[in-house]
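Lettering of chains follows the sequences in order, A, B, ..., and the numbering in each one begins at 1.
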Number of protein chains: 2
Amino acid sequence: MAAVRHFNRSVTQRVGALDDTYLTRGRPLAQARLLWEIGPAGAEVATLRTRLNLDAGYLSRLLRVLEGDGLVLVGSAGGDGRVRTARLTATGRAEWDVLDRMSDELAWSILEPLSDSQRARLAGAMAEVERLLMASLVDLQPRHPGDPAARACLRAYARELAGRFEGGFDPARSGVDEEALVPPNGVFLVATLSAEPVGCGALRLHPGEPAEIKRVWVSKSVRGLGVGRRIMAELERRAAAAGADTVRLDTNRTLTEAIGLYRATGYHEIPAYNDNPYAHHWFTKPLDPAAAPSR
Amino acid sequence: MAAVRHFNRSVTQRVGALDDTYLTRGRPLAQARLLWEIGPAGAEVATLRTRLNLDAGYLSRLLRVLEGDGLVLVGSAGGDGRVRTARLTATGRAEWDVLDRMSDELAWSILEPLSDSQRARLAGAMAEVERLLMASLVDLQPRHPGDPAARACLRAYARELAGRFEGGFDPARSGVDEEALVPPNGVFLVATLSAEPVGCGALRLHPGEPAEIKRVWVSKSVRGLGVGRRIMAELERRAAAAGADTVRLDTNRTLTEAIGLYRATGYHEIPAYNDNPYAHHWFTKPLDPAAAPSR
DNA sequence: CCTATTGCCTGACTAAAGTCAGCAATATGA
DNA sequence: TCATATTGCTGACTTTAGTCAGGCAATAGG
């Protein structure tokens, strides 16, 4: 913990301040950041607002200033007439390129005094910090299966299975009524990374019988960060809290990473307990009721 | 380089923003930072000014506000009546404790979702990034030997040698006229880490003869970061640029790390070329004139 | 003892950042 | 079609941050 605190103080403040003062080009920080965030591809105003976490009024005013300086054009593009899109003008693009170059210079000024091996170590350590920090920012919350984030996950889940299973995948045939995944009959968990859905998992409770885990999916963007493991653990915790003494699940033989995860976390294979047409393997795991109330 | 840029953007901004918004307790950021920096031990106003890099007037005003809130007391303590010292009152100390606790919580919120092995990896990677970033912030500049930072280095150098040599160390007997270490007869380099002197090295030019390296010292706080190596390389570069084709140096047998560094960077031992009473070993290294103009 | 310097404080600013309420245009769902 | 929500814009603020010049008291140096 001391390492984290120390890191936050020294690295974050020092490097952050460097970045902030160096990459503004005389412009106020907020304007420079906005210009940078719009980028060569342009961006919707709403996206900018969430990404930079700005007040709608303040953002609008900043856009007006950049527009006044001839760097940016805001226009309504595409279907919804309320949604406005900011694009860089030629001048704006040139400015952006300068910022890009300066960003490179700044990075180089950090690397320049280091030896080759130090540079390699720094890059490696930075990537590792970034990755693990990302992992720790993944938030796991129960949501209604009809919630937009939940729907997005279920769509991604179905799309992925359809691509991997030999004969495609039709969610309707898999024997899960997604709408039923709400208390007290079950729960649907969604993992998000800064509001972006990146994973999910469902628990179906059958009083007097083992609870059942379904619809576990993790986005490619966060695989290897332990999100799947966290989802499973939380589902098991909730199953135990609801009084189940066992969980079980079925899976397709093409999902080898998932099968590996199940085995690694205490599941063992059992004979078929249902007739899910997509299932090739069935697993079970006993729950420890004492562990349930934790968290 | 991409790793550095990416890291700067994502980690620095995200974590930094978290820190800044979370650790203010409704107070403006600058006030909160100042309160934190004063700390339970108190601090001199001048120290605060350099550490937080604030305008004297602004800092004074911030102190007045904290004083008005009953969190801080500023009084002249100790010898120099101009130097004022800020201390926390009981209320201020309580506030500081809250900040301390919240800082812990923030760190924990990052670690909590991670597995034990991930936590260990994160701590390791953070420490590595911090260390290497520190190394890259060390600045190496020529200074007049009479400059305060240079004097501080020479004092630290003498103090260290006095502690390590069997018979103590008297700079006057070592045959170096420190005032002569200025162009065109020589050069004195000082390494600083955010204005703090952390290392030095001198070059004495003898036209027609080998240049001589003297007074190489690196503070304990930055050892192992390659600062010594950088000082040596820069001295050699300047020697070559001044036309020398060889450098040489003498050293004491108790300075084993230094001897290791000399051997590792291309020096080989030669017979005594002077009668320095503190020297046991003499080294030389041929210079590559082609490399001189670089940088 | 006179003078310059150092360390801090104060007043008078400016600029940037951020907030809030209300408005207009457009979508959406019953 | 109509009520309701969403999206963004504008004007009118307040608060923070930061700068600069001038001034006073304590101290160091001759």
TODO: Starting at atom CG of B:Leu66, determine the distance to atom P of D:dA17, rounded to an integer number of angstrom.
DONE: 11 Å

Open item on the list: Between A:Ser76 and A:Arg84 (side chain of the first, backbone of the second, donor and acceptor by atom type, cut-off under 3.5 Å), is there such a pair?
Closed with: no

Open item on the list: At 4.0 Å (heavy atoms only), tell me whether A:Leu59 reaches a base, stays on the sugar-phosphate, or touches nothing.
Closed with: nothing

Task: Distance, rounded to the nearest Å, where A:Glu44 contributes CD and D:dT6 contributes P - done: 16 Å

Task: Residue pairs, two or more places apart or on separate chains, that pass salt bridge (charged side-chain N to carboxylate O under 4.0 Å, His left out) and touch residues 21-45 of chain B - done: A:Arg9-B:Glu37, B:Asp20-B:Arg33, B:Arg25-B:Glu95, B:Arg27-B:Glu95, B:Glu37-B:Arg51

TODO: Send over the distance from A:Arg49 CZ to C:dG18 C1', rounded to a whole Å.
DONE: 15 Å

Open item on the list: Can you measure A:Leu62 atom CG to C:dA15 atom P for me and round it to whole angstrom units?
Closed with: 17 Å

- [ ] Could you check A:Gln31 against B:Ala56 and say which one's nearest nucleotide on DNA chain C is further toward the 5' end?
- [x] B:Ala56

- [ ] For the pair B:Arg101 and B:Asp97, evaluate salt bridge (Lys or Arg N to Asp or Glu O under 4.0 Å) and give the outcome as yes or no after the intermediate values.
- [x] CA-CA 6 Å; B:Arg101 218 164 28 247; B:Asp97 287 340; 6.0 Å; no

TODO: Determine, stepwise, if the pair A:Arg87 / A:Ile38 fulfils side-chain contact (heavy atoms from CB on, under 4.5 Å).
DONE: CA-CA 7 Å; A:Arg87 310 199 162 282; A:Ile38 292 171; 5.8 Å; no

Heteroatom pairs (N/O) under 3.5 angstrom, protein to nucleotides 24-26 of chain C:
| from | atom 1 | to | atom 2 | distance (Å) |
| --- | --- | --- | --- | --- |
| C:dT26 | O3' | A:Gly81 | N | 3.4 |
| C:dT26 | O2 | A:Arg82 | NH1 | 2.9 |

TODO: Calculate the interatomic distance between B:Leu29 atom CG and D:dA17 atom P; express it in whole Å.
DONE: 6 Å

- [ ] Give A:Ala46 one of three labels, base, sugar-phosphate or nothing, depending on what nucleic acid heavy atoms sit under 4.0 Å from its own.
- [x] sugar-phosphate

Open item on the list: Please report the interatomic distance CG(B:Leu18) to CD1(B:Ile110), rounded to the nearest 0.5 Å.
Closed with: 6.5 Å

Got a list of protein N/O to nucleotides 18-23 of chain D N/O distances below 3.5 Å?
| from | atom 1 | to | atom 2 | distance (Å) |
| --- | --- | --- | --- | --- |
| D:dT19 | O4 | B:Arg61 | NH1 | 3.2 |

Task: Side-chain N,O (A:Arg64) to OP1/OP2 (D:dC9) below 4.0 Å - done: yes

TODO: Mind calculating the distance between CG (A:Leu73) and P (D:dG8) to the nearest angstrom?
DONE: 17 Å

Task: Separation of D:dA17 C1' from A:Asp20 CG (nearest whole Å) - done: 14 Å

Task: Value in whole Å for how far the C1' atom of D:dT16 lies from CG of B:Leu34 - done: 14 Å

TODO: Check for a donor-acceptor pair, side chain of A:Ser109 on one end and backbone N or O of A:Leu106 on the other, with a separation under 3.5 Å.
DONE: yes

- [ ] Please state whether the rings of B:Trp36 and B:Trp96 are parallel, tilted or perpendicular, taking 30° and 60° as the class boundaries.
- [x] parallel

Task: Partner of A:Ile231 under side chain to side chain contact (heavy atoms under 4.5 Å, CB included), chosen from A:Val218, A:Val190, A:Val138 - done: A:Val218

TODO: For A:Asp69 and A:Leu71, indicate whether the former's side chain and the latter's backbone hold a donor-acceptor pair under 3.5 Å.
DONE: no

